[in-house]
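Just below is one structure, and these are the notes that go with it.
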Amino acid sequence: MLITPLRTERLDLLPLTPEHADELAAALADPALHAFTGGRPATPEEMRARCTRLAAGSPDPAVAWGNWALRLRADGALTGYVQATVRPQAAEAELAWVVGTPWQRRGLATEAARALLDHLAATGVTTALAHIHPDHEASARIARTLGLRPTPHSQDGEIRWQADLPHP
């Protein structure tokens with residue numbers, strides 16, 4: 001999978017690097033962001049370690065990781081991230097998206113995830129997946145808007161959503 005900068009109407013999706021850590025930690029500092037996923041906000045040091053690990057790529061040769069920081073061009077703020085765990089042999093990708101509380105309800109997560117889906121489809125991915133907590137209405141709305149539908153399958157208390165991607 002090609003990890004390249006992506007662009008939407010309002011966002012620059014930048015391949016995640018350790019240099020994003022401080023700003024990303026600040027953007028995602030609201031504990032409410034962890035209501036459905038557990039945990040707590042990362043410190044800048046923890047975020048740097050995570051960004052370093054993610055930027056290095058998956059240790060499993062059968063899996064590719066793609067992680068992009070979301071930069072809002074209007075004010076230059078780093079607002080969150082999108083990520084894909086791609087299994088090329090299965091032509092499938094599991095998606096995740098997080099946008100900091102101050103930037104929510106503007107459609108940014110949907111816009112970024114749509115750009116990611118388009119990018120993945122262009123690289124040969126045919127199936128998109130997401131795992132969403134059954135009470136996380138905002139993520140469910142995003143998934144629906146992207147064309148994903150809930151399946152009867154769950155993992156760790158989250159519902160598996162799925163969509164077939166159009167061929168470019």
task: Starting at CG of Leu24, measure out to CE of Met47 and round the result to the nearest 0.5 Å.
output: 4.0 Å
- prompt: If you take all heavy atoms of Ala25 and Ala42, which pair is closest and at what distance?
  reply: CB-O, 3.8 Å
- prompt: Are the side chains of Arg141 and Thr110 in touch, meaning some heavy atoms are under 4.5 Å apart?
  reply: no
- prompt: How far apart are the closest heavy atoms of Pro88 and Ala62, and which atoms are they?
  reply: CD-O, 3.5 Å
task: Quick one: do Ile3 and Trp68 satisfy side chain to side chain contact (heavy atoms under 4.5 Å, CB included)? Show the steps, please.
output: CA-CA 8 Å; Ile3 310 300; Trp68 288 263; 3.9 Å; yes
query: Using the ring of each side chain (for Trp, its six-membered ring), is Phe36 parallel, tilted or perpendicular to His133, with breaks at 30° and 60°?
result: tilted
- prompt: Got a sec, which residues hit side-chain hydrogen bond (donor to acceptor under 3.5 Å, both in side chains) with Arg7, two or more places apart in sequence or on another chain?
  reply: Asp12
message: For a quick test of reading the model, state the closest non-hydrogen atom pair linking Leu146 to Ala113 and the distance between them.
response: CD1-CB, 3.5 Å
message: If you compare all heavy atoms of Ala91 against all heavy atoms of Gly124, which two are closest, and at what distance to 0.1 Å?
response: CB-O, 3.7 Å
query: Under the side-chain hydrogen bond (donor to acceptor under 3.5 Å, both in side chains) test, which residues partner Arg160, sequence neighbours left out?
result: Gln162
message: Just so I know, are the side chains of Arg106 and Leu72 near enough to count as touching, which here means a heavy-atom distance under 4.5 Å?
response: yes
- prompt: Measuring from Leu11:CG to Leu78:CG, what's the distance to the nearest 0.5 Å?
  reply: 10.0 Å
statement: For Ala29 and Pro41, the nearest pair of non-hydrogen atoms, with its separation, is O-CG, 3.2 Å
task: Say whether, by atom type as modelled, one donor and one acceptor occur between the side chain of Arg73 and the main chain of Thr8 under 3.5 angstrom.
output: yes
message: Counting only heavy atoms not in Asp135 (residues, nucleotides, ligands), do more than 12 fall under 6.0 Å from its CG?
response: yes
task: Mind checking the CD-CD spacing from Glu94 to Gln155? Nearest 0.5 Å is all I need.
output: 6.5 Å
field: Contacts of Arg10 that satisfy side-chain hydrogen bond (donor to acceptor under 3.5 Å, both in side chains) - sequence neighbours left out
entry: Glu111
task: Decide whether Leu70 and Trp97 are clustered together by the hydrophobic rule: side chain heavy atoms of Ile, Leu, Val, Met, Phe, Trp, Tyr closer than 4.5 Å, transitively.
output: yes
- request: Determine which pairs satisfy salt bridge (charged side-chain N to carboxylate O under 4.0 Å, His left out) with at least one residue from residues 75-84, sequence neighbours left out, and list them in order.
  value: none
Any donor-acceptor N/O pair, His34 side chain to Pro31 backbone, under 3.5 Å: no
Nearest-0.5 Å distance that lies between atom CG in Leu54 and atom OG1 in Thr17: 11.5 Å
- request: Kindly indicate, with the supporting measurements, whether the criterion salt bridge (Lys or Arg N to Asp or Glu O under 4.0 Å) is fulfilled by Glu9 and Arg114.
  value: CA-CA 11 Å; Glu9 181 180 332; Arg114 169 63 59 210; over 6 Å; no
field: Interatomic distance, Leu95 atom CG to Leu120 atom CG [nearest 0.5 angstrom]
entry: 6.5 Å
message: Return the CG to CZ distance between Leu129 and Arg87, rounded to the nearest 0.5 Å.
response: 7.5 Å
Residue pair Asp164 / Thr127, side-chain heavy-atom distance below 4.5 Å: yes
field: Over all atoms of both residues, closest heavy-atom pair of Ile142 and Ala109
entry: CD1-CB, 3.6 Å
With a cut-off of 3.5 Å and sequence neighbours excluded, list every side-chain donor-acceptor pair involving residues 98-105.
from   : atom 1 : to    : atom 2 : distance (Å)
Thr101 : OG1    : Asp30 : OD2    : 2.8
Gln104 : NE2    : Val99 : O      : 2.8

- prompt: Mind checking what makes side-chain hydrogen bond (donor to acceptor under 3.5 Å, both in side chains) contact with Arg48, not counting sequence neighbours?
  reply: Asp22
query: Given side chains that start at C-beta, do those of Leu14 and His20 come closer than 4.5 Å, heavy atoms only?
result: yes
